[in-house]
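Written below as structure tokens is the structure these notes are about.
Heavy atoms only: backbone and side chains are in, while hydrogens, waters and symmetry mates are out.
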Amino acid sequence: MTDDRDTKALNAAVDVLMQYFDSVQIFCSKNKTDEMTVGQTAGKGSIFARIGQIGLWLSKVESSLAAGDEEPEGGEQDDDDEETN
């Protein structure tokens with residue numbers, strides 16, 4: 001259901017980010033119609049590091065939402081003492 005251009009753009013973004021990071025995982029969604037949304041993911045690098053980062057992010061977002069805070073936009077550096085890979 002995804003467009004080949006979307007796949008190429010997503011893979012190109014992963015390739016660019018891999019020049020700066022050891023692992024990258026991108027999740028995207030796109031409204032195809034008012035009633036249909038499709039998702040696509042791409043990533044490279046250690047699968048264990050990516051799973052760890054996703055888990056940390058999900059935990060942070062769930063805690064923020066449970067506390068009534070706004071959803072974090074992202075882009076912040078993870079300052080936790082936990083190792084992610």
Side-chain angles (χ1 to χ4, degrees):
M1 286 193 204
T2 57
D3 182 304
D4 191 43
R5 293 176 306 164
D6 294 343
T7 300
K8 287 180 182 177
L10 188 54
N11 289 332
V14 168
D15 289 339
V16 168
L17 291 169
M18 284 299 295
Q19 295 175 34
Y20 303 94
F21 301 99
D22 295 327
S23 62
V24 172
Q25 185 68 43
I26 300 174
F27 293 85
C28 300
S29 62
K30 184 176 190 177
N31 296 329
K32 289 289 195 176
T33 67
D34 286 342
E35 299 172 4
M36 184 175 139
T37 301
V38 295
Q40 191 168 356
T41 68
K44 285 186 178 177
S46 169
I47 188 67
F48 301 108
R50 292 186 277 154
I51 290 169
Q53 282 297 117
I54 292 164
L56 287 173
W57 173 81
L58 186 57
S59 178
K60 259 187 200 178
V61 169
E62 287 175 337
S63 293
S64 291
L65 293 175
D69 297 336
E70 290 187 23
E71 182 179 351
E73 289 291 322
E76 72 274 354
Q77 182 172 344
D78 185 8
D79 292 329
D80 291 343
D81 291 334
E82 297 178 38
E83 200 167 310
T84 58
N85 48 350

**Report entry** Rounded distance (nearest 0.5 Å) linking atom CG of Asp3 with atom OG1 of Thr7
**Finding:** 7.5 Å
Query - From CG (Leu17) to NZ (Lys44), nearest 0.5 Å - result: 11.0 Å
Report task. To the nearest 0.5 angstrom, please state how far the CD atom of Gln25 sits from the CD1 atom of Ile47. Result -> 6.5 Å
Report summary line: dist Lys30:NZ -> Thr37:OG1 (nearest 0.5 Å) comes out at 11.5 Å
**Report entry** Phe27 CZ: over 12 foreign heavy atoms closer than 6.0 Å
**Finding:** yes
Query raised in the report: Do Phe21 and Met18 share a hydrophobic cluster (ILVMFWY, side-chain heavy atoms under 4.5 Å, transitive)?
Result: yes
**Report entry** Donor-acceptor contact below 3.5 Å, side chain Ser63 vs main chain Ser59
**Finding:** yes
**Report entry** Donor-acceptor contact below 3.5 Å, side chain Arg50 vs main chain Gly45
**Finding:** yes
Requested in this report: Indicate the atoms forming the closest heavy-atom contact of Ser23 with Ser46, along with that distance.
Outcome: CB-N, 3.9 Å
Query raised in the report: Which of these, Asp6, Asp4, Leu10, sits in a side-chain contact (heavy atoms from CB on, under 4.5 Å) with Lys8?
Result: Asp4
Requested in this report: Heavy atoms only: give me the nearest Val24-Ile26 pair and the separation to one decimal.
Outcome: CG1-CG1, 4.0 Å
Query raised in the report: From Phe48 CZ over to Gln53 CD, what is the distance, rounded to the nearest 0.5 angstrom?
Result: 15.0 Å
